[in-house]
Amino acid sequence: MIRKFTILFVVLWGLSLTSKADDGSRLWLKYDNAGHNVDIKLPNNSPTLRIAAAELQKGWQGEAVTLQLKKNKKLSQDGYTITKENNRIILSSPSEVGLLYATYHLLRAQYTGELPIAVVEEPIYSRRLLNHWDNLDGTIERGYAGKSLWQWDELPEKLSPRYEEYARANASLGINGVVLNNVNASPEILSTTYLKKVQRLADLFRPYGIQTYLSINFASPMAIGGLESADPQIAEVQKWWKDKAKEIYKMIPDFGGFLVKANSEGQPGPCDYNRTHAEGANMLADAVKPYKGVVMWRSFVYNPSDADRAKQAYLEFQPLDGEFRDNVIIQIKNGPVDFQPREPYTPLFGALPQTDEMVEFQVTQEYLGHANHLAYLAPMWKEFFDYVPPTSLDAIAGVANIGTDTNWTGHPFGQANWYAYGRLAWDPSLSSEQIAEEWLKQTFTTNKEFVVPVANMMLDSREAVVNYMMPLGLHHLFAWGHHYGPEPWCDIEGARPDWLPSYYHRATTEGIGFDRSSKGSNATAQYPDSLAAIYDDVATCPDELILWFHHVPWNHVLQSGRTVWDELCYRYNEGVSQARNMQQVWDKAQPYVDKDTFADVQSRLKQQTRDAMWWRDACLLYFQEYSKMPFPEGMERPIYELNDMKNFSIDIDNHTNAPNGYK
Ligand code: GCW
């Protein structure tokens, strides 16, 4: 009797192990079914190599592995090779971090079933950064996955185990720099009290090859230094920054540098003193130069002026080319307005031949349905690289979508965006499809019945969002403030015009769209001639961007052969069908996914589909007031009334909670 019971117990225990609920906390580093004693040779016992060895012990199921440090003229510091000699796998790199990257490559290859025979890898950029928009009070600006990972109250004494898990996940992708705090920066971050906390994190990240950076507030010398001005031409101010840099580098010798949002959305900056962005950036660059630090100066500026907002970064920065120190990098958002579901690229790329440039992508889905919508963003970033050659950039940054949620990103598929960003930051030539498959195989299962349809679903998802939110180059139709739902009618007294949707869609009874052609704001002229010509001509401008660049009559016939009105209806409906289709694909994924994750994604897809219908009906009913045209034959009719839609309220308590959609 007792025996039987024991056997049964063992069997149940075994079962419960394999069907153990997977809460997503292990990300793509699951190492299920692993575990045998691996013969590993290390060149030394440094902290970084100990991490590499531990990863292999945990996850590697193949033959013996030798890690060797070797100068290689053909490889940059972070590069590595993987070869096979006499039944041993040889990982070789000029640096220890390169060996750690090689280790993760090997493990990834094992789990994706593509075991390497001869690999030579190196990253395209030496700086591959995540930007956290985390505030010191624990909230995250545009964060939808809980609170900030950084427990400032507990630091430097106590370290959350999550810090190391986070560092490990980044290292597995090759991400090698993190900006810890929001670009809307509290000056406090530079106080000695906070620097001690930062130092503790930097120490922890170092063995993972991760450099720590901080966002700074340009007025810090006044806010925490007691000075009367932050004018970059004043000697005292310059000295304050030099002393601060000295203090930081004494504590964190490999500190990466500063990220700066200046004279943008109310942040202080050099223009407050009639100085240029170059003068401001150079002062900081001089302060960190002795320690090999950099200044990443953001170009996201749109001071009150009459110029089309999409033109302003170019207008402000292009004339400054040649004036920046060589350790300044201009950090430019991929699109000229603000992380919309689709934008053309920012024409400042390529317009600063004498200045280092880096792109800022947004991994967090501020404008793509927060953590409620499944939107795989690799295709959006690849689209950017179709226009801006990756080699023309000097570094890359992504605004993180990570928080204290158990699964890190809120939506289980948000992890795919963290993953994809890291992989593209290493190698922008990877395809969206390859990255999606890699992530799915490591995160869920290698079974093709699952991987192929779900990867296809991911690949369509961003276009689905564009379709049901803002097709044909429409942009910024978002509700005020939270940027979740549609509010093309939004009108707030006294608001800046360029914070209102009507500034962008310009719908009238005659037509719709923003005329940025040479007949309008002439933003097209900021692009290189060949592209400018294409965008400028209403006949050659691609349908995808037509309303970004042109104001066209409702009955204007597009390249698709349909009128603008019909095409809008068609695309909004297509977006809804795509969302519905995602639901169907996911239902078939049930046998391959842990129960809770399955249900979680299923319920988020329901919300996504409801939201898609909300977007479609709100936008079409609103624009129909202007077009006065009927819905095309055969098209699904709206199920809401415009007035009801205007009265929907969204339950968003604060930026750290994913909204429930409309009520
Ligand atoms: O996209 C806008 C966001 C702000 C953000 C700003 C920026 C950090 O709505 O929340 O502030 O851009 O990038 O500076």
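Keep in mind the model is a prediction, meaning the values are calculated, not measured. This chain uses plain numbering: 1 for the first residue, then up along the sequence. Read the numbers this way: they start at 1 and go in the same order the structure lists the ligands and their atoms.
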So does E544 pair up with R571, basic N to acidic O under 4.0 Å? yes
For Y387, does the OH atom sit with more than 12 other heavy atoms under 6.0 Å from it, leaving out its own atoms? no
For E360, is at least one N or O under 3.5 Å away from an N or O on ligand 1? no
If the cut-off is 4.0 Å to any non-hydrogen atom of D338, which atoms of ligand 1 fall inside it? 1 (O), 2 (C), 12 (O)
Give yes or no for whether the N/O distance cutoff of 3.5 Å, strictly under, is met between Q362 and ligand 1. no
Give a yes or no answer on whether the side chain of H475 reaches the backbone of G473 with a donor-acceptor pair at less than 3.5 Å. yes
Check this for me, if you would: do K646 and E487 make a salt bridge, where the nitrogen-to-carboxylate-oxygen distance has to be below 4.0 angstrom? no
Just distances here: any N/O of N182 and N/O of ligand 1 closer than 3.5 Å? no
Could you find the nearest protein heavy atom to atom 8 (C) of ligand 1 and give me its residue, atom name and distance? N184 ND2, 3.4 Å
Considering heavy atoms of the protein only, find what lies nearest to atom 9 (O) of ligand 1 and give residue, atom and distance to 0.1 Å. E366 OE2, 2.6 Å
Show which atoms of ligand 1 fall inside a sub-4.0 Å distance from at least one heavy-atom site of K261. 6 (C), 7 (C), 8 (C), 11 (O), 14 (O)
Under 3.5 Å, is there a donor-acceptor pair between the side chain of W150 and the main chain of L180? yes
Counting both backbone and side chain atoms, is some N or O of R142 under 3.5 Å from an N or O of ligand 1? yes
Have S229 and D231 got a donor and an acceptor in their side chains that come within less than 3.5 Å? no
Report yes or no: does K333 have a heavy atom closer than 4.0 Å to ligand 1? yes
Could you tell me whether K289 and D326 have a side-chain N and a carboxylate O separated by less than 4.0 Å? yes
Going by the atom numbers of ligand 1, which of them fall below 4.0 Å from some non-hydrogen atom of F300? 6 (C), 7 (C), 12 (O), 13 (O), 14 (O)
